[in-house]
S.K.: 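Below is one structure. I have some questions about it.
Quick note: residue numbers are just sequence positions, from 1. Side-chain atoms are counted along with the backbone in the values below, which use heavy atoms only and exclude waters and symmetry mates.
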Amino acid sequence: MDIEIDVPPYFLCPISLEIMRDPVTVSTGITYDRENIEKWIFSVDNNTCPVTKQVLLLDTDLTPNHTLRRLIQAWCTLNAVERIPTPKPPVDKAQIVKLLNNAKTSQSLMKSLRRLRTIAAESERNRRCIESAGAVEFLASIVRTNNYTVLVEDNTGDEAAVDQIIRVSDEALSILYYLQISKTGLKNLLGKNFEFVEVLMQVLRRGSYQSRAYAALLLKPMFEVADPNHLISLKPELFVEIVRVLRDQISSQASKAALQILVETCRWGRNRIKAVEAGAVSILIELLLDTTDKRACEIILMVLDQLCGCAEGRAELIKHSAGIAVVSKKILRVSHLASEKAVRILYSVAKFSATPSVLQEMLLVGVVSKLCLVLQVNSTTKTIEKANEILKLHSRVWKSSPCIPRNLLSSYPSS
């Protein structure tokens with residue numbers, strides 16, 4: 001709020017220096033505006049008092065400072081400042097539990113889910129309150145129960161029943177995503193044997209575009225906190241569905257989540273082969289041809305770099321008519337990171353899959369010229385080193401070629 005008249009300093013939030021709309025006192029005795037201190041505690045994940053630096057007792061609620069709020073409201077009225085309305089009391093755990101109990105009856109299920117989503121959208125504090133009340137497991141149980149392999153098939157011919165199943169499951173999935181579940185909550189949701197991943201796989205296979213998008217968006221943070229021992233043994237079917245999300249271009253958010261899932265899971269050789277067999281390489285090349293988004297280009301090249309770490313991945317890249325060319329094209333055009341990953345991909349090809357036809361293609365599509373250019377411009381040390389190595393590997397084939405411009409040939413490294 002922009003005020004041109006003098007404001008009593010104790011009306012201002014110590015964090016934002018704005019007039020407090022909903023003053024609350026923390027365990028250290030300092031009063032803050034609720035929105036600001038909740039953002040500090042929940043979004044920034046800081047457990048100390050901004051003023052005293054003492055550790056906050058986060059197991060107790062923030063105490064509303066009604067006296068100060070009334071003083072601020074009275075001051076606004078006296079000074080012809082827009083009066084700050086009395087804030088609604090924050091949602092508490094008991095209210096969430098009551099809402100979840102109401103949702104257990106089919107008549108009020110959808111209404112309760114929509115109310116839960118509205119509460120979750122209001123603040124980070126509400127999302128943590130919802131999670132602590134056991135909502136994550138309840139929502140997950142809805143998705144498990146309303147799964148597409150059982151109920152949709154059981155209700156074949158009953159379009160109203162099928163539509164209800166889809167709407168309820170979509171709503172539960174969307175809330176699970178919007179809750180931004182904590183790391184502990186995500187690990188509990190995964191289960192000891194990745195049971196919920198199996199459920200999300202069914203959604204990815206048979207769900208609507210919307211539910212498939214939410215499933216991908218949920219899998220991303222789940223895999224980020226997952227035990228690597230479980231990630232190594234992921235089923236090939238999962239990679240098929242993740243690649244299908246990329247192929248169908250459901251949404252930019254879902255595509256980026258799918259790419260991040262591949263980055264997270266393709267650190268291990270077995271998963272690389274599974275992803276390649278699912279058709280990931282050709283889809284990634286097509287995406288790389290079309291996208292102009294910097295971050296998307298970087299992530300695609302990161303995945304391709306991982307997949308070219310196995311012979312199957314390199315073979316698919318070489319087989320695609322635009323594979324080598326589009327990777328080379330991204331060097332020096334997107335970012336230092338993209339250039340580094342693109343050069344790494346070409347290094348894998350040049351070192352492990354360098355047949356005469358591949359070397360000739362790399363020359364004709366401008367790879368060799370681009371690598372010489374890398375040595376002349378402000379590239380990162382890693383990129384320059386890898387470009388040097390590639391050029392040295394095949395200098396006998398490339399160095400005397402008329403395809404390399406003379407101004408670039410001067411930078412060709414000696415063997």
Side-chain angles (χ1 to χ4, degrees), residues 21-22 24 33-39 41-43 45 57-64 66 69 85-148 150-151 160-191 195-196 199-200 202-203 207-208 210-211 213-215 217-219 221-222:
R21 292 179 169 273
D22 186 6
V24 292
D33 182 67
R34 182 184 292 278
E35 182 180 352
N36 284 277
I37 193 61
E38 286 183 350
K39 183 177 180 181
I41 294 171
F42 298 112
S43 298
D45 197 20
L57 302 175
L58 300 184
D59 57 338
T60 58
D61 289 332
L62 303 173
T63 305
H66 297 300
R69 174 179 54 77
T86 301
K88 295 188 298 182
V91 67
D92 58 31
K93 190 173 179 179
Q95 290 173 281
I96 301 299
V97 170
K98 182 179 179 181
L99 190 61
L100 295 177
N101 289 332
N102 291 339
K104 291 175 183 176
T105 61
S106 58
Q107 295 87 347
S108 59
L109 174 57
M110 199 64 181
K111 182 180 178 182
S112 298
L113 289 178
R114 286 171 179 160
R115 175 61 183 148
L116 198 62
R117 184 174 183 177
T118 300
I119 293 171
E122 289 176 354
S123 69
E124 180 68 21
R125 177 200 173 278
N126 284 4
R127 289 189 283 274
R128 297 287 70 81
C129 182
I130 291 171
E131 182 177 340
S132 68
V136 172
E137 182 52 41
F138 173 73
L139 294 166
S141 70
I142 291 176
V143 181
R144 289 191 194 96
T145 304
N146 289 17
N147 78 75
Y148 295 89
V150 179
L151 290 185
V162 171
D163 181 63
Q164 179 68 6
I165 291 168
I166 293 173
R167 287 192 299 112
V168 168
S169 186
D170 284 355
E171 193 68 28
L173 275 170
S174 70
I175 298 169
L176 282 171
Y177 166 65
Y178 285 116
L179 280 179
Q180 300 171 27
I181 305 168
S182 66
K183 289 183 180 180
T184 301
L186 287 169
K187 289 180 180 179
N188 291 335
L189 184 59
L190 273 168
E195 298 93 343
F196 199 65
V199 175
L200 293 180
Q202 298 302 329
V203 176
S208 63
Q210 183 181 23
S211 61
Y214 283 129
L217 289 165
L218 263 174
L219 280 170
M222 289 170 73

S.K.: Hey, mind stepping through Glu124 and Arg128 against salt bridge (charged side-chain N to carboxylate O under 4.0 Å, His left out) and telling me if it holds?
M.R.: CA-CA 6 Å; Glu124 180 68 21; Arg128 297 287 70 81; 2.3 Å; yes
S.K.: Checking Ser169 side chain against Val143 main chain: does a donor-acceptor pair fall under 3.5 Å?
M.R.: no
S.K.: Which value, rounded to the nearest 0.5 Å, describes the distance between Arg127 atom CZ and Leu116 atom CG?
M.R.: 12.0 Å
S.K.: So which atom in Arg117 and which in Ile175 form the shortest heavy-atom distance, rounded to 0.1 Å?
M.R.: CB-CG1, 3.8 Å
S.K.: Carefully, step by step, assess Met222 and Leu200 under the rule side chain to side chain contact (heavy atoms under 4.5 Å, CB included).
M.R.: CA-CA 11 Å; Met222 289 170 73; Leu200 293 180; 3.9 Å; yes
S.K.: Counting N and O atoms only, with roles assigned by atom type, does the side chain of Glu38 sit under 3.5 Å from a partner on the main chain of Glu35, one being a donor and the other an acceptor?
M.R.: no
S.K.: Under a 4.0 Å threshold between the charged nitrogen and the carboxylate oxygen, would Arg144 count as salt-bridged to Glu137?
M.R.: yes
S.K.: Check each of Leu99, Thr105, Leu100 against Ser112 using the side chain to side chain contact (heavy atoms under 4.5 Å, CB included) test, and report the only one that passes.
M.R.: Leu99
S.K.: Has the side chain of Asp33 got a donor or acceptor atom that lies under 3.5 Å from a matching backbone atom of Arg21?
M.R.: yes
S.K.: Can you tell if the side chain of Phe196 reaches within under 4.5 Å of the side chain of Leu190, non-hydrogen atoms only?
M.R.: no
S.K.: Using a 3.5 Å distance criterion without hydrogens, assess whether the side chain of Thr145 forms a donor-acceptor pair with backbone atoms of Ile142.
M.R.: no
S.K.: Please report the interatomic distance OG(Ser174) to CG(Leu217), rounded to the nearest 0.5 Å.
M.R.: 11.0 Å
S.K.: Return the minimal non-hydrogen interatomic distance between Ala215 and Val203, and the atom names on each side.
M.R.: CB-CG1, 4.0 Å
S.K.: Provide the closest heavy-atom pair for Ala172 versus Leu139 in the form atom of the first, atom of the second, distance.
M.R.: CB-O, 3.9 Å
S.K.: Restricting to non-hydrogen atoms, name the atom on Ser132 and the atom on Lys93 that form the minimum distance, rounded to 0.1 Å.
M.R.: O-CE, 3.2 Å
S.K.: Okay, side chain of Asn126, backbone of Glu122: is any donor-acceptor separation there less than 3.5 Å?
M.R.: no
S.K.: Is there a side chain to side chain contact (heavy atoms under 4.5 Å, CB included) between Asn102 and Lys98? Walk through the geometry before answering.
M.R.: CA-CA 6 Å; Asn102 291 339; Lys98 182 179 179 181; 4.1 Å; yes
S.K.: Quick check for you: to the nearest 0.5 Å, what is the distance between Ile181 atom CD1 and Lys187 atom NZ?
M.R.: 14.0 Å
S.K.: Hey, does Arg34 have a side-chain heavy atom less than 4.5 Å from the side chain of Ser123?
M.R.: no
S.K.: Working note: Thr63 + Val24, criterion side chain to side chain contact (heavy atoms under 4.5 Å, CB included); need CA distance, chi angles, decisive distance, verdict.
M.R.: CA-CA 5 Å; Thr63 305; Val24 292; over 6 Å; no
S.K.: How many angstroms lie between CD in Glu171 and CD1 in Ile166, if you round to the nearest 0.5 Å?
M.R.: 14.0 Å
S.K.: Apply side chain to side chain contact (heavy atoms under 4.5 Å, CB included) to the pair Ile96 and Asp92, showing each step before the final yes or no.
M.R.: CA-CA 7 Å; Ile96 301 299; Asp92 58 31; over 6 Å; no
S.K.: Just say parallel, tilted or perpendicular for the rings of Tyr177 and Tyr214, cut-offs at 30° and 60°.
M.R.: tilted
S.K.: Can you name the nearest heavy-atom pair linking Arg125 to Val91, along with the distance?
M.R.: NH1-O, 2.8 Å
S.K.: For the atom pair CD (Gln95) and CD1 (Ile119), what is the distance rounded to the nearest 0.5 Å?
M.R.: 7.0 Å
S.K.: For the CD atom on Glu131, are there more than 12 heavy atoms of other groups (residues, nucleotides or ligands in this structure) within a distance under 6.0 Å?
M.R.: yes
S.K.: Using atom types as modelled and distance alone, determine if a side-chain donor or acceptor of Ser208 lies under 3.5 Å from a backbone N or O of Ser211.
M.R.: yes
S.K.: Arg69 and Pro87: which non-hydrogen atoms are nearest, and at how many Å?
M.R.: CD-CD, 3.4 Å
